[in-house]
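Notes follow the structure.
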There are 2 protein chains.
Amino acid sequence: MNDGPYIAEAAALMGDPARANMLSAMLDGRAHTASELAYVAGVSPQTASAHLAKLAQGRMIAVERQGRHRYYRLANEEVARALEALMVLAVKGARRHRPTGPRDEAMRFARTCYDHLAGRLGVGLTQALIEKRYLEQNGDAFHMTREGEAQLAGFGLDIAAARKGRRIFASRCLDWSERTPHIGGALGAALFRELESRCWVTKPSDGRTVTLTKAGRAGLRDWLDLSLG
Amino acid sequence: MNDGPYIAEAAALMGDPARANMLSAMLDGRAHTASELAYVAGVSPQTASAHLAKLAQGRMIAVERQGRHRYYRLANEEVARALEALMVLAVKGARRHRPTGPRDEAMRFARTCYDHLAGRLGVGLTQALIEKRYLEQNGDAFHMTREGEAQLAGFGLDIAAARKGRRIFASRCLDWSERTPHIGGALGAALFRELESRCWVTKPSDGRTVTLTKAGRAGLRDWLDLSLG
DNA sequence: TTCATACTTCGATCATAAACGAAGTATCGA
DNA sequence: TCGATACTTCGTTTATGATCGAAGTATGAA
């Protein structure tokens with residue numbers, strides 16, 4: 001089998017600016033309506049509809065109908081990874097200067113990646129859990145230690161629930177901005193949910209940047225000795 | 001900054017079947033002439049020339065002139081990773097049955113990934129080095145232990161040389177076929193070179209599949225207790 | 001029941017990019 | 001010096017896909 005045509009098929013789906021805008025928006029892990037996605041892609045609803053059909057056919061997104069609304073989200077973590085891998089190339093490949101704004105810095109600091117935390121915060125959190133020996137590295141995933149299990153259960157995570165299902169428990173997801181991995185998988189998602197429920201992090205009403213609250217800063221320092229500039 | 005257009009730019013370069021065929025061929029780590037790449041892409045030399053110019057401008061490939069020949073190779077490991085990430089999607093996204101042939105199995109068993117070993121052999125080798133405590137996992141890379149340094153130097157690797165330069169010493173490269181990482185980086189490349197120089201593995205005159213020789217099978221069993229079916 | 005909203009489908013237009021024949025340039029061997 | 005080879009550039013053709021106005025379908029609120 002020659003890989004080329006298959007790679008091209010997957011890449012071509014991401015290779016249109018409108019579709020890439022939509023996929024990128026969906027990296028926030030939320031479900032989005034077709035109208036919202038048309039808006040972020042800057043195209044008409046008819047054009048958006050055609051693009052979404054293609055992405056669905058290529059299995060990069062999943063759709064859920066609720067009345068007259070169609071909700072779209074990324075199909076799986078592999079799509080997020082491929083987007084991050086292409087973003088690494090995009091950043092590296094840039095010839096012309098791409099002036100960074102405050103939003104860029106915010107994105108580098110903390111953002112969602114599908115359903116878990118990315119950026120300096122995501123990576124810092126991951127490193128802290130390793131340093132505390134709550135996690136160990138094991139292949140393309142993390143392994144939770146016995147102490148880690150106790151600690152994270154004590155922190156409020158339903159570890160048993162996170163272990164259930166087919167999804168990788170604690171995958172490693174390469175971060176385009178930090179160039180080192182953050183926790184993904186079911187554990188990464190559960191951790192993010194708990195941080196949100198404690199109001200240690202907040203998501204804005206739209207977009208992917210995540211804010212670390214004062215409570216979160218204090219909480220992470222107390223829990224993991226984690227300080228971030 | 002909105003990521004979409006930049007992701008699209010990188011993805012679009014890979015999204016043409018001819019270009020994807022060329023990039024995929026270059027995953028073998030070799031330098032290829034423009035004529036060879038035209039052939040594997042199934043296009044005329046004029047068309048190939050235009051495609052190669054685009055890939056070079058997008059910084060996915062590097063070119064080196066020798067007389068009238070132009071030699072092309074992948075620019076860096078990040079391009080290889082993005083191709084592997086897209087291949088993961090391509091395999092996962094397939095609706096129609098893609099009959100696998102003996103070449104597929106050979107590719108799954110052992111193949112080149114840029115300049116290091118991928119497939120069951122690459123992953124098995126990596127796992128064995130971890131089990132022997134010659135390597136430890138550390139973020140998006142491997143850390144070599146003191147014993148590992150002795151062992152791999154004893155095996156013939158110039159560890160000091162591998163540590164020099166800007167390249168990551170022992171990166172982790174996600175394997176599309178095994179879904180778990182193999183060693184990349186300077187160490188991965190050095191290891192592959194040493195295996196070749198011992199004739200434990202051989203590369204065919206073209207293509208990406210790698211053959212594990214009888215000597216290699218025996219050698220890996222003796223050295224690392226590694227047996228592969 | 002009617003009207004508004006969300007979204008899809010149809011048909012047409014237009015822009016873009018891949019394709020290659022012909023011609024050109026650079027290199028190399030006889 | 002000449003002819004062959006490797007590769008690039010130019011110009012043209014063709015196919016493809018994105019785009020949206022118009023119309024259609026499904027859902028839901030008044």
Side-chain angles (χ1 to χ4, degrees), chain A residues 2 4-26 30-73 93 206, chain B residues 2 4-26 30-73 93 206:
Chain A
N2 192 344
Y6 302 116
I7 291 174
E9 213 174 304
L13 281 173
M14 296 177 164
D16 175 84
R19 288 197 294 273
N21 275 332
M22 293 182 192
L23 290 169
S24 168
M26 286 186 263
R30 292 189 175 101
H32 293 264
T33 65
S35 302
E36 285 170 2
L37 293 170
Y39 179 76
V40 303
V43 295
S44 73
Q46 306 91 296
T47 302
S49 187
H51 284 314
L52 289 166
K54 280 188 160 184
L55 290 171
Q57 186 174 37
R59 295 191 177 181
M60 290 194 176
I61 61 176
V63 55
E64 187 181 339
R65 304 171 76 144
Q66 261 183 34
R68 62 195 179 195
H69 290 287
R70 299 286 177 276
Y71 287 94
Y72 296 89
R73 61 175 71 238
D206 69 336
Chain B
N2 192 346
Y6 302 117
I7 290 174
E9 214 174 302
L13 281 172
M14 297 177 162
D16 175 83
R19 289 197 293 275
N21 275 332
M22 295 180 190
L23 290 169
S24 168
M26 286 186 263
R30 290 188 176 103
H32 294 263
T33 64
S35 303
E36 285 169 4
L37 293 171
Y39 181 76
V40 304
V43 295
S44 74
Q46 306 91 297
T47 302
S49 188
H51 283 313
L52 288 167
K54 280 187 162 190
L55 290 171
Q57 186 175 38
R59 295 193 176 181
M60 290 194 177
I61 61 176
V63 56
E64 189 182 338
R65 302 169 79 139
Q66 260 183 36
R68 62 194 177 196
H69 290 287
R70 300 283 178 276
Y71 287 95
Y72 297 89
R73 62 172 74 238
D206 69 336

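As a basis for the values below, the full set of heavy atoms in this structure was taken, side chains included, without hydrogen atoms, waters or symmetry mates. Labels below follow one simple rule: chain letters A, B, ... track the order of the sequence lines, proteins then strands, and each chain is numbered from 1.
- Legend: residues meeting side-chain contact (heavy atoms from CB on, under 4.5 Å) with B/Ala34, ordered by chain and number and at least two apart, are B/Leu52, B/Tyr72.
- Evaluation of the side-chain hydrogen bond (donor to acceptor under 3.5 Å, both in side chains) rule for B/Thr47 yields B/Ser44 as partners, not counting sequence neighbours.
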**OP:** Assign a letter to each nucleotide of nucleotides 18-25 of chain C from its 5' end: B, base within under 4.0 Å of a protein heavy atom; S, sugar-phosphate only; -, no contact.
**Re:** SSBBB---

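- For the side-chain contact (heavy atoms from CB on, under 4.5 Å) test, residues two or more places apart in sequence or in another chain that qualify with B/Ala18 are B/Asp16, B/Ala41, B/Val43, B/His51.
- Residues satisfying the side-chain contact (heavy atoms from CB on, under 4.5 Å) test with B/Ala50, not counting sequence neighbours, are none.
- If you run side chain to side chain contact (heavy atoms under 4.5 Å, CB included) between B/Leu23 and each of B/Leu55, B/Leu37, B/Leu13, only B/Leu55 comes through.
- In this structure, A/Ala50 and A/His69 both approach DNA chain C, and ranking their closest nucleotides by distance from the 5' end singles out A/His69.
- At least one side-chain heavy atom of A/Thr33 sits less than 4.5 Å from a side-chain heavy atom of A/Tyr71.
- One interatomic measurement links the two molecules: CG of B/Leu37 to P of D/dC7, which rounds to 9 Å at whole-angstrom precision.
- Side-chain contact check for A/Met60 versus A/Met14: some heavy-atom pair is nearer than 4.5 Å.
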Would you tabulate the nitrogen or oxygen pairs shorter than 3.5 Å linking the protein to nucleotides 28-30 of chain C?
| unit_1 | atom_1 | unit_2 | atom_2 | d |
| --- | --- | --- | --- | --- |
| C/dC28 | O4' | B/Arg68 | NH1 | 3.4 |

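- Considering all non-hydrogen atoms of both residues, B/Ala20 and A/Gly4 come closest at CB-O, 3.2 Å.
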